[in-house]
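Just so you know, these numbers use all the heavy atoms, side chains as well, and skip hydrogens, waters and symmetry mates. Please read these numbers as outputs of a predicted model, since none were measured by experiment.
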Amino acid sequence: MPEGHSIHRFARLHRALLGGQVIAASSPQGRFSDGARALDGGTLDEVQAHGKHLFYRFHANGLGRRAKSRPTPVGPPLTLHVHLGLYGRFREYRGIASPPTAGTRLALTSDDAELQLSGPTVCELIDPAAEEMLHARLGPDPLRGDDPAPAFEGMRRRSAGIGNVLLDQRVISGIGNVYRAEILFLVGVHPDRPAHAVDRTTFDRLWTLLRTLMADGERRGRIITVQPQDRRAPSSVSPGDEYWYVYKRAGLPCRRCSTPINTWELGGRMVFACPVCQPA
DNA sequence: GCTGCATGATGAA
DNA sequence: TCATCCTGCAGCA
């Protein structure tokens with residue numbers, strides 16, 4: 001479930017789990033052995049999220065994983081960059097951890113907790129210059145309280161459908177396929193409407209709603225967009241059906257007008273919309 | 001036990 | 001636009 005809300009939630013949870021602690025790092029899978037070696041024995045200072053990207057800031061203690069019992073000189077900063085992609089997954093443990101699976105790319109272990117990462121698209125150490133380039137490439141993030149103006153400017157320059165543009169992380173960072181479908185339903189905009197045709201008032205509503213919904217998703221750990229007054233008619237045909245207006249509800253009646261929900265492919269991903277509530 | 005699908009992104013063509 | 005990365009799980013036999 002890695003849309004932006006999950007990533008920010010991971011940042012918060014992992015900060016609480018391992019922040020400020022001396023970390024033993026390993027790569028059971030072996031594909032991140034060098035990186036794990038560099039992190040091993042370091043202290044995790046901070047975890048931050050931007051869009052769907054995670055940044056774990058360490059400083060090396062220079063004395064290996066036994067550093068805790070000795071003086072711990074502050075070494076050079078190290079940043080671990082993680083992007084879960086479609087498959088990436090974290091397992092978090094307090095106390096006794098389950099043994100890592102063979103696919104575990106990275107395990108971070110403190111005295112009383114462990115974090116295991118498998119299947120990420122990106123798991124790498126980056127220097128400050130590379131990180132700066134990465135941030136520069138990402139659009140404003142609704143969950144960071146960023147200024148939305150660049151996102152509106154970005155949309156005005158695009159003639160592609162807004163449904164396509166919303167998944168472009170350079171325009172807004174953190175939106176995935178669920179939020180794309182749901183937010184467009186809530187603002188009553190058809191996914192194929194050219195992005196530059198969306199006016200400022202509509203964009204502001206979209207941004208405000210995104211902030212609210214994503215913050216809610218961050219707290220809950222799952223995406224629920226259906227407002228209480230629309231929650232009737234529990235025809236739970238597919239998983240999550242009671243939580244969403246249109247996502248994965250193709251053919252089911254719209255919660256507002258009962259018209260069957262449409263679905264088609266847009267930008268390589270399935271998009272969902274109500275033909276009446278979101279007129280073309 | 002097998003198949004297909006999934007909340008993502010990239011790089012080649 | 002397409003193939004690929006590469007993991008977990010639901011659905012099915």
Pairing annotation in dot-bracket form, given for DNA chain B with Watson-Crick or G-U pairs under 3.5 Å and | for cross-strand partners: ||||||.|||||.
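Between A:Arg89 and C:dC6 there is no side-chain N or O to OP1 or OP2 distance below 4.0 Å. Applying the 4.0 Å criterion to OP1 and OP2 of B:dT7, one finds that A:Tyr179 has every side-chain N and O outside that range. When the side-chain nitrogen and oxygen atoms of A:Gln29 are compared with OP1 and OP2 of C:dC6, none of them lie within a distance under 4.0 Å. Taking 4.0 angstrom as the limit, A:Arg31 places a side-chain polar atom (N or O) nearer than this to OP1 or OP2 of C:dC6.
Judged as a side-chain contact (heavy atoms from CB on, under 4.5 Å), and not counting sequence neighbours, the contacts of A:Phe55 are A:His50, A:His53, A:Arg57, A:Thr79, A:His81, A:Ile126, A:Glu131, A:Leu134, A:His135. Not counting sequence neighbours, the partners of A:Ser27 by the side-chain contact (heavy atoms from CB on, under 4.5 Å) test are A:Phe32, A:Ser33, A:Ala36.
Residues from residues 100-107 of chain A lying near DNA chain C, meaning a heavy-atom separation below 4.0 Å, are absent.
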What are the atom names and distances for every N/O pair under 3.5 Å that joins the protein to nucleotides 10-13 of chain B?
residue: B:dT10; atom: OP1; partner: A:Arg137; partner atom: NH1; Å: 2.9

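Using atom C1' as the reference point in both B:dT7 and C:dT1, the two lie 22 Å apart (nearest Å).
Grouping Ile, Leu, Val, Met, Phe, Trp and Tyr residues whose side-chain heavy atoms lie under 4.5 Å apart, directly or via other members, leaves A:Leu13 alone, with no other cluster members.
Nearest to the side chain of A:Pro2, among C:dT7, B:dA9, B:dT7, sits B:dT7.
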